[in-house]
Amino acid sequence: MRKTNRTIAVALGLSIALVACGGAPAGDPAQRIEAYLQARVKGEVERMIALSCAAWEPNARLEATSIQGRSPSLDALACRTDATEGDTALITCTGRIITNYDGERREFNLAERQFKAIQEGGEWRMCGYRAI
């Protein structure tokens, strides 16, 4: 009987701890945006979608295909969370996406946009950006 009561108490304690921690999204929003950008240059469409909010999924598909075949790479990527309010975080990144196509080199400065991440499914997810 004592062993059963102790087992129940431990299970109850673990359940309370899990519920208490369950409200916070997993991971750092800036790291999630970095992962999204890394998946983009690697052409990992499914990974980009997994890192996106539901509303951004069609855009993730378009972004993935927009630089395919252009030898994309990331240079000096670093992201930081600027602000978090409720279920939304704004992230600024530095670095560049570099593409090469038919002898033409193009650079996209990541600092020209502020990325938006939202909490969805218990995780931070890429969900758009705006020009700075």
Side-chain angles (χ1 to χ4, degrees):
M1 184 74 159
R2 262 186 155 162
K3 192 174 187 177
T4 302
N5 287 341
R6 188 166 55 173
T7 302
I8 290 171
V10 168
L12 182 60
L14 287 173
S15 296
I16 290 170
L18 288 172
V19 169
C21 294
D28 173 25
Q31 289 176 345
R32 300 292 286 195
I33 297 301
E34 285 183 9
Y36 177 89
L37 292 169
Q38 290 165 350
R40 183 174 182 201
V41 298
K42 292 178 183 174
E44 298 173 342
V45 180
E46 295 306 315
R47 176 84 173 127
M48 289 175 66
I49 291 168
L51 291 164
S52 299
C53 70
W56 187 254
E57 285 183 21
N59 295 308
R61 288 181 197 283
L62 286 173
E63 286 195 335
T65 59
S66 71
I67 59 175
Q68 284 179 346
R70 302 184 193 288
S71 304
S73 63
L74 279 170
D75 178 48
L77 173 64
C79 297
R80 74 173 189 280
T81 303
D82 290 332
T84 305
E85 186 174 323
D87 65 351
T88 303
L90 298 175
I91 295 95
T92 300
C93 298
T94 57
R96 301 170 294 169
I97 294 177
I98 300 168
T99 62
N100 289 291
Y101 181 71
D102 201 24
E104 181 182 344
R105 177 183 164 114
R106 298 199 65 198
E107 296 184 9
F108 302 93
N109 184 355
L110 296 172
E112 293 175 350
R113 296 179 172 174
Q114 190 173 43
F115 296 84
K116 180 175 130 182
I118 66 164
Q119 296 176 23
E120 190 174 88
E123 296 180 343
W124 288 106
R125 297 181 186 269
M126 165 65 174
C127 206
Y129 45 75
R130 64 180 182 183
I132 295 180

Qualifying residues under side chain to side chain donor-acceptor pair (under 3.5 Å), relative to Arg80, sequence neighbours excluded: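 Arg80 satisfies side chain to side chain donor-acceptor pair (under 3.5 Å) with Asp82 once adjacent residues are dropped.
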Any pair counted as side-chain hydrogen bond (donor to acceptor under 3.5 Å, both in side chains), so long as it reaches residues 44-56, sequence neighbours left out: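 Applying side-chain hydrogen bond (donor to acceptor under 3.5 Å, both in side chains) to every pair that reaches into residues 44-56, excluding sequence neighbours, yields Tyr36-Trp56.
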Heavy-atom donor-acceptor pair, Glu120 side chain to Ala54 backbone, under 3.5 Å: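 Yes; judged by distance alone, with no hydrogens or angles, the pair exists.
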Any donor-acceptor N/O pair, Gln119 side chain to Gly86 backbone, under 3.5 Å: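 Yes.
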Where at least one partner belongs to residues 88-128, residue pairs that pass disulfide (SG to SG under 2.5 Å), sequence neighbours excluded: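 Listed once each, the pairs are Cys53-Cys127, Cys79-Cys93.
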Least distance between heavy atoms, [X] atom then [Y] atom:
X	Y	result
Ile91	Ala117	CD1-CB, 3.7 Å
Leu62	Thr65	O-OG1, 3.1 Å
Phe115	Ile33	CG-CG2, 3.8 Å
Ala50	Arg125	O-NH1, 2.6 Å

Remaining members of the apolar cluster that contains Ile49, side-chain heavy atoms under 4.5 Å: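 Under the 4.5 Å side-chain rule, Ile49 groups with Val45.
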Working to the nearest 0.5 Å, report the span between [atom1] of [X] and [atom2] of [Y].
X	Y	atom1	atom2	result
Leu37	Met126	CG	CE	7.0 Å
Leu74	Glu34	CG	CD	9.5 Å
Thr81	Asp28	OG1	CG	4.5 Å
Gln31	Gln38	CD	CD	10.0 Å
Ile98	Asp75	CD1	CG	4.5 Å

Lys/Arg N to Asp/Glu carboxylate O, Glu107 vs Arg105, below 4.0 Å: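 Salt bridge flag = yes for Arg105 with Glu107.
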Chi angles and distances behind the side chain to side chain contact (heavy atoms under 4.5 Å, CB included) call for Glu63, Met48: CA-CA 9 Å; Glu63 286 195 335; Met48 289 175 66; 4.0 Å; yes
Donor-acceptor side-chain pairing of Arg113 and Tyr129 below 3.5 angstrom: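 There is such a pair (donor and acceptor under 3.5 Å, judged by atom type) between the side chains of Arg113 and Tyr129.
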Derivation of the side chain to side chain contact (heavy atoms under 4.5 Å, CB included) call for Thr84 and Leu90: CA-CA 6 Å; Thr84 305; Leu90 298 175; over 6 Å; no
Full working for side chain to side chain contact (heavy atoms under 4.5 Å, CB included) between Arg96 and Phe108: CA-CA 5 Å; Arg96 301 170 294 169; Phe108 302 93; over 6 Å; no
Which residues share a salt bridge (charged side-chain N to carboxylate O under 4.0 Å, His left out) with Arg130, sequence neighbours left out: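 Expected list: none.
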Non-neighbouring partners of Glu85 that pass salt bridge (charged side-chain N to carboxylate O under 4.0 Å, His left out), sequence neighbours left out: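 Once residues adjacent in sequence are excluded, Glu85 has no partner under the salt bridge (charged side-chain N to carboxylate O under 4.0 Å, His left out) criterion.
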Trace of the side chain to side chain contact (heavy atoms under 4.5 Å, CB included) decision for Asn100 with Arg70: CA-CA 5 Å; Asn100 289 291; Arg70 302 184 193 288; over 6 Å; no
